[in-house]
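Heavy atoms only: backbone and side chains are in, while hydrogens, waters and symmetry mates are out. Remember, predicted model here, so these are calculated numbers, not experimental data.
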Amino acid sequence: MDNLLDIAFPDSIDREIEELHRQSIELRQSLARTGTGKRRDRERLETLERKIALTDRLIAEYSQLGARMAIDGQLPEHLAESRRLEQLERRGESRELAIDPAKLQWFRRRLKAWFRENRRDFPWRETKDPYHILIAEMFLTRTRAENVTPVYIAFLEKYPTVVDLANAPVESIEKAIAPLGLDFRASQLHRSAARLVGTYGGEIPDRAEELMTLPGVGRYTTNAVLATAFGQRAPVLDTNVVRILERFFGLEGRGEKSRDHYLWDAAEAIAPKRNLKEWNWTLIDFGALVCTPNPRCSVCPLQKNCDFYRKGRENPPRNG
């Protein structure tokens, strides 16, 4: 199997679990305000929590089964259909990935030199603890790294291990990450911790197909953890990296670009053979500081060979 990273439970089921958690949190808060509360509300809360526990267990078992079947060359029905459509899409694509080797080597050298002088320092870059790195990557989704730092430090002081997180009430986790505006992550963090404790003895697995069974963990987060915590050759692709690939190499993604197989193939093609941890950080930092949505071409060390910059010079905007 060439791509085990898309093995996951259907998104609609995960959304239903999030809704059950939301209702459960609201009911607990209501009961806390009113004391013992109405018997009907207490019974409803018990029913919700039973549904959550049962469904979460089924999801864990199903996801692990899907991963095992993928390794054996088999897939559950909905995953088999998804793989079939993916293969059809790939065969139907007319996009050829052609990256000039000389241009790529120049690109790597320039970016690595830039990173040595401009790398950003964050606490999750100073650790090899897989749990700490997983928490950071889940926080960094849709959030500026500068805003994550104080929450990350306080969170790990409160929940220093996976077991501590698994034993914490969901509403406590929700309060801890409230400054990030990621309320939906609370139940994902809690469910992921419970699964890690129940299935992996509190350890973070070092295989993509196992990491992908965790709620809220997609291909980017999986690869970031594998590269940073375990030193594996696992490139990442997010909006920052997409911009760099499209602009410098003249590539063109389709649809939701951070999920585009063509751009993922490109991210794989440009990645060096070793030290993917620092390479991934290089791309992320460069996309955050230089190749931004409103690009800072005047200070870009890549402008000499950048397709985007060259086209801009050949076709400057007209006044009037």
Could you go through Y262 and R254, starting from their C-alpha distance and side-chain angles, then the distance that decides it, and tell me whether this counts as side chain to side chain contact (heavy atoms under 4.5 Å, CB included)? CA-CA 8 Å; Y262 174 72; R254 293 177 182 170; over 6 Å; no
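- Residues satisfying the ring pair (Phe, Tyr, Trp, His ring centres under 6.0 Å) criterion with Y131, sequence neighbours excluded, are absent altogether.
- Using a distance-only test at 3.5 Å, with no hydrogens or angles considered, no donor-acceptor pair links the side chain of K311 to the main chain of G250.
- Across all their heavy atoms, A186 and I177 have their closest contact at N-CD1, 3.6 Å.
- Other residues, nucleotides and ligands contribute at most 12 non-hydrogen atoms within 6.0 Å of the CD atom of E203.
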Under the side chain to side chain contact (heavy atoms under 4.5 Å, CB included) criterion, do F286 and C300 qualify, and how do the steps go? CA-CA 9 Å; F286 191 74; C300 178; 3.6 Å; yes
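- Around the CZ atom of R296, the shell of radius 6.0 Å holds no more than 12 heavy atoms that belong to other residues, nucleotides or ligands.
- Counting heavy atoms from C-beta on, the side chains of I173 and R185 never come closer than 4.5 Å.
- With a 4.5 Å cut-off on side-chain heavy atoms, V148 and F122 do not count as touching.
- Atom NZ in K277 sits 14.0 Å away from atom CG in L226 (nearest 0.5 Å).
- Heavy-atom minimum distance, P235 versus E268: CG-OE1, 3.4 Å.
- No donor-acceptor pair closer than 3.5 Å links the side chain of Q188 to the backbone N or O of P215.
- Proximity of a side-chain donor or acceptor of R247 to a complementary backbone N or O of F308 within less than 3.5 Å is not detected.
- Counting heavy atoms from C-beta on, the side chains of P179 and N147 never come closer than 4.5 Å.
- Panel note: side chain R110, backbone L302; no donor-acceptor pair is recorded below 3.5 Å.
- Residue L134 holds its CG atom at 10.0 Å from CZ of F139, rounded to the nearest 0.5 Å.
- Judged by distance alone, with hydrogens and angles left aside, the side-chain atoms of W264 form a donor-acceptor pair with the main-chain N or O of S258 at under 3.5 Å.
- Contact check for I204 versus V162: side-chain heavy atoms found under the 4.5 Å cut-off.
- Minimum interatomic distance between L289 and N118 (heavy atoms only, all atoms of both residues): CD1-O, 4.0 Å.
- Counting only heavy atoms from C-beta outward, the side chains of L196 and P205 approach each other to under 4.5 Å.
- Checking side-chain atoms of H132 against main-chain N and O of W124 turns up no donor-acceptor pair under 3.5 Å.
- Judged by distance alone, with hydrogens and angles left aside, the side-chain atoms of T292 form no donor-acceptor pair with the main-chain N or O of A288 at under 3.5 Å.
- Atom NZ of K128 is surrounded by 12 or fewer heavy atoms from other residues, nucleotides or ligands within 6.0 Å.
- Within 6.0 Å of CD on E146 lie more than 12 heavy atoms contributed by other residues, nucleotides or ligands.
- In this structure, CG on N280 lies 12.0 Å from CG on N240, to the nearest 0.5 angstrom.
- The two residues A224 and E137 have their closest heavy-atom pair at CB-CD, 3.5 Å.
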As a quick check of understanding, evaluate side chain to side chain contact (heavy atoms under 4.5 Å, CB included) for L214 and T222, giving each step before the final call. CA-CA 10 Å; L214 301 177; T222 293; over 6 Å; no
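- Between D260 and L237, the shortest heavy-atom distance links the atoms O-CD2, 4.4 Å.
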Could you walk me through whether L189 and I135 pass the side chain to side chain contact (heavy atoms under 4.5 Å, CB included) test, one step at a time? CA-CA 8 Å; L189 287 161; I135 293 299; 3.7 Å; yes
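- N223 contributes atom CG, which lies 11.5 Å from atom CG of D238 (distance to the nearest 0.5 angstrom).
- Of all heavy-atom pairs spanning L165 and F155, the tightest one is CD1-CZ, 3.6 Å.
- Of the possible polar contacts, none joining the K257 side chain to the L263 backbone as a donor-acceptor pair under 3.5 Å is found.
- Within the 4.5 Å cutoff, the side chain of L140 has no heavy atoms near those of the Y152 side chain.
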Could you go step by step and tell me if T141 and Y220 meet the side chain to side chain donor-acceptor pair (under 3.5 Å) rule? CA-CA 9 Å; T141 303; Y220 174 90; over 6 Å; no
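- Distance check: D100 CG to Q105 CD gives 10.0 Å after rounding to the nearest 0.5 Å.
- The distance from the NZ atom of K175 to the OG atom of S172 is 7.5 Å, given to the nearest 0.5 Å.
- Side-chain atoms of R108 do not come within 3.5 Å of backbone N or O of W279 as any donor-acceptor pair.
- Taking the centre of each ring, F249 and F107 come in below the 6.0 Å mark.
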